[in-house]
There are 2 protein chains.
Amino acid sequence: MATYLIEYPQRVGCMAKLRDLKEACVLEALAIVASDGVEKLSLREVARRLGVSHQAPYRHFASRDHLLAEIVSRAFRSFADVLTEATRDDDPQIALAEMGIAYLDYARREPLAYRLMFGTLLPDVQTHPAMMAEARHAFDLLLNALAKRKKARAMPTDVFARGSDEDLAMMRDAIFIWSTLHGFASIQASSAVETLGLPANLMDNMFEELLTRIRGGFEAT
Amino acid sequence: MATYLIEYPQRVGCMAKLRDLKEACVLEALAIVASDGVEKLSLREVARRLGVSHQAPYRHFASRDHLLAEIVSRAFRSFADVLTEATRDDDPQIALAEMGIAYLDYARREPLAYRLMFGTLLPDVQTHPAMMAEARHAFDLLLNALAKRKKARAMPTDVFARGSDEDLAMMRDAIFIWSTLHGFASIQASSAVETLGLPANLMDNMFEELLTRIRGGFEAT
DNA sequence: TCAGCAATGTTGACACCGTCAACTTTGCTG
DNA sequence: CAGCAAAGTTGACGGTGTCAACATTGCTGA
C-alpha cells in the first residue's frame with residue numbers, strides 16, 4: 001500500500017496522488033538509469049522500489065516504452081539545458097566551441113544518460129511526439145548556433161542564396177559537427193578503448209584537439 | 001530430436017554433429033540479428049528455430065553472452081574483410097578514402113550488423129578475448145592505413161620522432177577519423193533523421209563531403 | 001448525507017526470457 | 001560388449017511485460 005507516500009507526503013487528494021506516483025515512477029526510473037543503465041530499467045523494479053504493486057505504474061504509463069519515452073524526454077531536456085547554459089560567449093565561433101566542450105563533457109560525466117539518449121533503440125517516434133520535440137530542441141541549439149555564426153560572417157553575396165538550400169547546407173554542417181562529437185562521445189562512453197586494448201589515457205585531453213579538427217573540417221568545403 | 005540435422009545433413013559422427021549444432025546456432029543467431037536486430041536474439045528462439053530443446057545450445061555456449069560474443073566476433077571479421085577488400089589503391093591517401101567509403105557503405109547496407117558491433121553493450125572483454133582480437137584487427141586496418149600514409153609523406157626530420165609518441169599521435173588521428181565515421185554511421189543507422197523530423201534525404205550523398213571534411217580536419221593540427 | 005461512479009491500486013495469470021539440475025540417449029572405445 | 005563421456009531433453013525457478021478481474025478510494029450529484 002503506497003509506500004511512496006512516505007517519500008512524497010505532499011499529496012492532498014486523488015489528483016495530487018496521481019501526479020505523485022507518476023512523478024515518483026519517473027524519478028525512480030531516472031535513478032535506475034543513472035546508476036545501473038537503461039538495460040536494468042523495468043516497470044516491476046520501479047514498482048518494487050516504490051513499495052507498490054507491479055501493476056500500479058500501468059495506471060500512469062501504458063507500457064514500458066511510455067515510461068522510457070518520458071525519461072528520454074527529460075534526459076534530452078536536461079541535456080539541452082546543459083548545452084544552453086554553457087553557451088555564453090557573444091562571439092558565435094567561441095559559443096560553438098563552448099557548446100562542443102559541454103557536449104563532450106556531458107557524455108563523459110553522464111555516460112549512462114548519454115547512452116539512454118543516443119545509444120539505445122528509442123520508442124517509436126510517432127507514438128511519442130513529446131520525446132521527439134525534446135530531441136529536436138537539443139538539435140536546434142546546434143542549428144541556431146550555426147545560424148548565428150553564419151549571420152556574423154555573412155557576405156553581401158549571400159543574399160542571393162535561396163533559403164531552403166541554405167538551410168539544407170547548414171543542416172549538413174550540423175550533421176558533420178554532430179557526427180564527430182557524437183562519434184567521439186559514444187566511443188568514450190562505450191568501453192571501446194578497453195575493448196580494443198588501446199592505451200587507457202588515449203582519449204584524455206582530446207577535447208580541444210577534436211574541436212580544432214572540427215573547425216578544420218568545417219572550413220574544408 | 002535434432003531437426004537441424006535435416007538442414008545440416010553433412011554430419012558423420014558425434015564431433016561433426018557438435019560442430020553442426022554449434023555452427024547452426026551461430027548461423028541462426030546471425031540470421032536473427034540481421035533480420036530482427038540483436039534485441040530479438042535469444043537462446044530459446046535459436047533453439048526453437050533449429051527444432052531443438054531450449055537447453056541444447058547450452059552444451060555449446062555457456063551463456064547467451066558467449067553466443068553473442070561469437071556472432072560479434074564474426075561480424076567484426078566480416079566487417080574487416082569488407083574494409084580490406086575495398087582498400088585497393090596504391091596511393092595511401094586514396095586507400096584511406098576507399099576505406100572510409102566502405103565503412104559508411106557497410107553501415108548503411110547492414111545497419112543491424114553495425115549496431116551489433118557498435119551500438120550495444122558487448123559482453124565482457126576479459127572473458128571473451130577472441131571477440132576483442134577481431135575488433136582490434138578491424139581497428140588496426142585503420143592504423144595501418146594511416147601508417148602507410150605517414151610513411152609515404154615522411155620527412156627526413158621525422159626520423160627523430162620517438163616511436164611511442166608517434167604511435168600515440170597516430171592513434172589520436174585514428175580516433176578522430178573513426179569518431180567522425182562512426183558518428184555519421186550510427187546517426188544514419190539509428191532513425192535519428194526521422195526522430196528529429198529532419199528532411200529524409202538530408203544524409204544522402206554526403207559520403208564524399210564527409211571525407212573531404214575529415215581530410216580538412218586531419219590537416220588542421 | 002449518502003449512493004454511485006470513475007480513478008486508482010491489487011492480485012493472479014500467461015507467455016516470454018536465461019539458467020540450474022537431473023535425467024535420458026547416443027556413440028565411441030577399451 | 002560394457003562402460004563412459006558427450007550431447008540432448010525435461011522440468012523447475014525467478015525474472016520480465018502485459019492482460020483481466022477484482023478491491024479500494026475519494027469525489028460528486030441527488
Side-chain angles (χ1 to χ4, degrees), chain A residues 1-26 28-29 32-33 36-71 120-121 123-124 127, chain B residues 1-8 11-26 28-29 32-33 36-71 120-121 123-124 127:
Chain A
M1 187 62 180
T3 301
Y4 69 93
L5 291 178
I6 296 172
E7 302 178 45
Y8 303 88
Q10 311 87 344
R11 72 100 157 78
V12 289
C14 185
M15 283 301 118
K17 195 169 72 174
L18 182 156
R19 229 184 304 118
D20 272 357
L21 180 52
K22 183 165 190 174
E23 187 65 18
C25 285
V26 170
E28 205 61 50
I32 290 173
V33 169
D36 302 331
V38 63
E39 294 79 9
K40 292 290 182 181
L41 174 63
S42 78
L43 282 177
R44 291 178 104 107
E45 178 61 21
V46 168
R48 204 176 298 120
R49 292 194 186 197
L50 294 174
V52 105
S53 82
H54 67 265
Q55 275 292 352
Y58 274 86
R59 291 292 149 186
H60 307 285
F61 302 97
S63 74
R64 181 185 186 271
D65 272 0
H66 284 76
L67 174 57
L68 190 58
E70 178 63 36
I71 65 174
T120 60
L121 272 190
D124 178 51
T127 61
Chain B
M1 187 62 183
T3 301
Y4 70 92
L5 290 178
I6 297 171
E7 303 178 44
Y8 302 88
R11 69 99 157 84
V12 289
C14 185
M15 282 301 117
K17 196 169 73 175
L18 183 156
R19 230 185 302 118
D20 273 355
L21 180 52
K22 184 166 189 174
E23 188 65 19
C25 286
V26 171
E28 205 61 50
I32 291 173
V33 168
D36 302 332
V38 62
E39 294 78 10
K40 292 289 182 182
L41 175 63
S42 77
L43 282 177
R44 291 179 104 108
E45 177 63 21
V46 168
R48 206 176 297 120
R49 293 193 184 197
L50 293 175
V52 108
S53 82
H54 67 266
Q55 275 290 353
Y58 274 86
R59 289 290 150 189
H60 308 285
F61 303 97
S63 75
R64 180 183 186 273
D65 272 0
H66 284 76
L67 173 57
L68 190 58
E70 179 62 36
I71 66 173
T120 59
L121 274 190
D124 178 49
T127 62

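Here is how names work: the chains are called A, B, and so on, in the same order as the sequence lines, proteins then strands, and each is numbered from 1. Quick caveat, the model's predicted, so the values are computed rather than measured.
For His54(B) against dG11(D), a side-chain-to-base donor-acceptor contact under 3.5 Å is present. Side-chain atoms of Arg44(B) come within donor-acceptor range of the base of dG18(C), with a qualifying N/O pair under 3.5 Å.
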Item to complete: Would you check, one step at a time, whether the test side chain to side chain contact (heavy atoms under 4.5 Å, CB included) holds for Val33(B) with Asp36(B)?
Response: CA-CA 5 Å; Val33(B) 168; Asp36(B) 302 332; over 6 Å; no
Worksheet item: Do Leu21(A) and Leu50(A) pass the side chain to side chain contact (heavy atoms under 4.5 Å, CB included) test, and can you show the C-alpha distance, the side-chain angles, and the key distance before you say yes or no?
Response: CA-CA 9 Å; Leu21(A) 180 52; Leu50(A) 294 174; 4.0 Å; yes
Item to complete: Starting from the C-alpha separation in whole Å, work towards a yes-or-no answer on side chain to side chain contact (heavy atoms under 4.5 Å, CB included) for His66(B) and Ser63(B).
Response: CA-CA 5 Å; His66(B) 284 76; Ser63(B) 75; 3.0 Å; yes
Item to complete: Go through Val38(A) and Ile71(A) one step at a time and tell me if the side chain to side chain contact (heavy atoms under 4.5 Å, CB included) criterion holds.
Response: CA-CA 10 Å; Val38(A) 63; Ile71(A) 65 174; 5.6 Å; no
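Protein atom CD of Glu45(B) is 6 Å distant from nucleotide atom P of dC17(C), rounded to whole Å. If you take CG of Leu43(B) and C1' of dC16(C), they are 14 Å apart, rounded to a whole angstrom. For the pair Leu67(A) CG and dT16(D) P, the computed distance is 14 Å after rounding to whole Å. The separation between Lys40(B) atom NZ and dG17(D) atom P is 14 Å, rounded to whole Å. Atom CG of Asp20(A) is separated from atom P of dT25(D) by 17 Å (rounded to the nearest Å). Rounding to whole angstrom units, CZ of residue Phe61(A) and P of dT18(D) are separated by 13 Å. Protein atom NE2 of His66(B) is 14 Å distant from nucleotide atom C1' of dG18(C), rounded to whole Å. Taking atom NE2 of residue His60(A) and atom P of nucleotide dA7(C), one finds them 12 Å apart after rounding to whole Å.
The phosphate of dG9(C) (OP1 or OP2) has no side-chain N or O of Ser53(A) nearer than 4.0 angstrom. Between dA15(C) and Arg48(B), no contact under 4.0 Å exists linking OP1 or OP2 to a side-chain N or O. OP1 or OP2 of dG18(C) lies within a sub-4.0 Å distance of a side-chain N or O belonging to Arg64(B). Residue Tyr58(A) has no polar side-chain atom (N or O) positioned under 4.0 Å from OP1 or OP2 of dG17(D).
For the atom pair Leu67(A) CG and Lys22(A) NZ, the distance stands at 10.0 Å (nearest 0.5 Å).
Take the nearest nucleotide of DNA chain D for Ser42(A) and for Arg59(A): the residue whose nucleotide is more 5' is Ser42(A).
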